[in-house]
Amino acid sequence: APVLREFSSLLAQPCDRRIIISSEFLLALPAQIIVAIREMARGHTVQILAYLREYPGWFQSRYGQATRSGKNLSDFDLFFERYWTQSSVVTDLSHWADVFGWENIRVRSLDRASLAGGTLLNDLSSILGIALRAIPQMNVSPHWIEIEFLRELFNLHRALVENPIFKRDLQLVCRL
């Protein structure tokens, strides 16, 4: 609610510039929130860019996040078996299309070969027609061996999963 109020306030101000709202969590918003966003944006041109990872890479990332946080203690095969049916974005994209129309949605691949300049930010800046200064790589996933090390550690010492300080420090070490 606070984010939607801030968004509504921003859109209510006269403005001749582009506004970008970005979050990986926008894709799965409930339909009624998407409708509320459309109402707030009435009178503005809305273009929705959905950057999607190819399914194998997306699933690997999901496995890595769940394992690093201690939420997953299963190996990849069991994790895949449990969650593969939740690996499609078509339903979520359809909710946005039902509200804004498919003609206002652009789906882009997160594959580096498909992105202008090889990164999401370079690709976005080319779509917007702006130039960005060089930005260092961020949010780089740890190697699969590091993820499996954490899974085994959490399996052996289940109490560590509940210790946020240990998990944070261990994840920092694995990123070094």
Side-chain angles (χ1 to χ4, degrees), residues 1-4 6-7 20-37 48-100 105-124 127 135-176:
V3 172
L4 288 176
E6 184 178 344
F7 178 57
I20 299 171
I21 298 151
S22 175
S23 171
E24 65 184 282
F25 303 108
L26 288 171
L27 182 64
L29 286 177
Q32 65 269 25
I33 301 294
I34 298 170
V35 169
I37 290 171
I48 297 162
L49 296 173
Y51 282 93
L52 303 177
R53 208 176 252 144
E54 76 288 356
Y55 285 135
W58 174 81
F59 210 85
Q60 180 182 355
S61 174
R62 186 173 181 191
Y63 172 77
Q65 286 180 332
T67 302
R68 286 190 338 242
S69 66
K71 293 176 184 168
N72 171 58
L73 300 177
S74 301
D75 65 26
F76 185 84
D77 292 334
L78 289 174
F79 183 84
F80 182 81
E81 188 176 312
R82 188 175 305 132
Y83 294 108
W84 73 271
T85 59
Q86 301 170 20
S87 64
S88 176
V89 297
V90 173
T91 300
D92 293 327
L93 276 177
S94 293
H95 291 151
W96 285 90
D98 290 345
V99 175
F100 287 98
I105 296 176
R106 289 177 65 183
V107 176
R108 306 282 297 158
S109 171
L110 272 175
D111 176 48
R112 290 189 185 280
S114 300
L115 297 170
T119 70
L120 184 141
L121 287 177
N122 287 335
D123 192 76
L124 178 61
I127 289 170
I135 299 171
Q137 286 288 344
M138 298 171 61
N139 196 19
V140 177
S141 296
H143 192 275
W144 70 268
I145 293 173
E146 296 163 341
I147 292 170
E148 289 304 300
F149 168 76
L150 286 173
R151 184 176 66 80
E152 284 301 314
L153 187 63
F154 289 145
N155 269 320
L156 290 171
H157 303 285
R158 188 71 181 127
L160 293 177
V161 173
E162 309 305 324
N163 185 331
I165 294 171
F166 176 83
K167 283 194 319 187
R168 183 202 66 216
D169 291 346
L170 188 58
Q171 288 175 5
L172 289 173
V173 168
C174 287
R175 289 182 186 158
L176 296 177

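In this text the structure is predicted, and so the values were computed from the model without any measurement. Numbering of residues begins at 1 and proceeds along the displayed sequence.
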Problem - Donor-acceptor contact below 3.5 Å, side chain R112 vs main chain G118 - result: yes
Practice task
Using the test ring pair (Phe, Tyr, Trp, His ring centres under 6.0 Å), find all partners of F7 that sit at least two apart in sequence or belong to another chain.
Solution key: none
Practice task
Measure up the F100 and W96 rings against each other and bin them: parallel (under 30°), tilted (30 to 60°), perpendicular (over 60°).
Solution key: parallel
Practice task
Could you label the plane-to-plane angle of the F76 and F79 rings as parallel, tilted or perpendicular, counting under 30° as parallel and over 60° as perpendicular?
Solution key: tilted
Practice task
Could you tell me which residues satisfy side-chain hydrogen bond (donor to acceptor under 3.5 Å, both in side chains) with N122, sequence neighbours excluded, listed by chain and number?
Solution key: T119
Exercise for the section: Hey, could you give me the NE2/CG distance between H95 and L29, rounded to the nearest 0.5 Å? Expected result: 11.0 Å
Problem - CG-CG distance between L120 and L49, expressed to the nearest 0.5 angstrom - result: 9.0 Å
Completion exercise
Contacts of R82 meeting side-chain hydrogen bond (donor to acceptor under 3.5 Å, both in side chains) (sequence neighbours excluded), chain-then-number -> S74
Exercise for the section: Just jot down the side chain to side chain contact (heavy atoms under 4.5 Å, CB included) partners of D75, sequence neighbours excluded, or say none. Expected result: D77, L78, R151
Completion exercise
What one should report as the nearest heavy-atom pair of S69 and A66 is OG-O, 3.1 Å
Problem - Within-4.5 Å side-chain heavy-atom neighbours: L93 and L52 - result: yes
Exercise for the section: Take Y83 and Y63, measure what side-chain contact (heavy atoms from CB on, under 4.5 Å) needs, and give me the verdict at the end. Expected result: CA-CA 10 Å; Y83 294 108; Y63 172 77; over 6 Å; no
Handout entry: A97: side chain to side chain contact (heavy atoms under 4.5 Å, CB included) partners, not counting sequence neighbours
Key = W102, I105
Exercise for the section: Evaluate the side-chain contact (heavy atoms from CB on, under 4.5 Å) criterion for residues L26 and I48: first the C-alpha distance (whole Å), next the side-chain angles of each, then the deciding distance (0.1 Å), finally the verdict. Expected result: CA-CA 11 Å; L26 288 171; I48 297 162; over 6 Å; no
Handout entry: Flag if over 12 foreign heavy atoms under 6.0 Å of CD, Q32
Key = yes
Fill in the blank from the handout: Looking only at heavy atoms, the pair that brings L27 and V89 closest together is CD2-CG1, 3.8 Å
Handout entry: side chain to side chain contact (heavy atoms under 4.5 Å, CB included) involving L115 - partner list, sequence neighbours excluded
Key = Y51, L110, D123
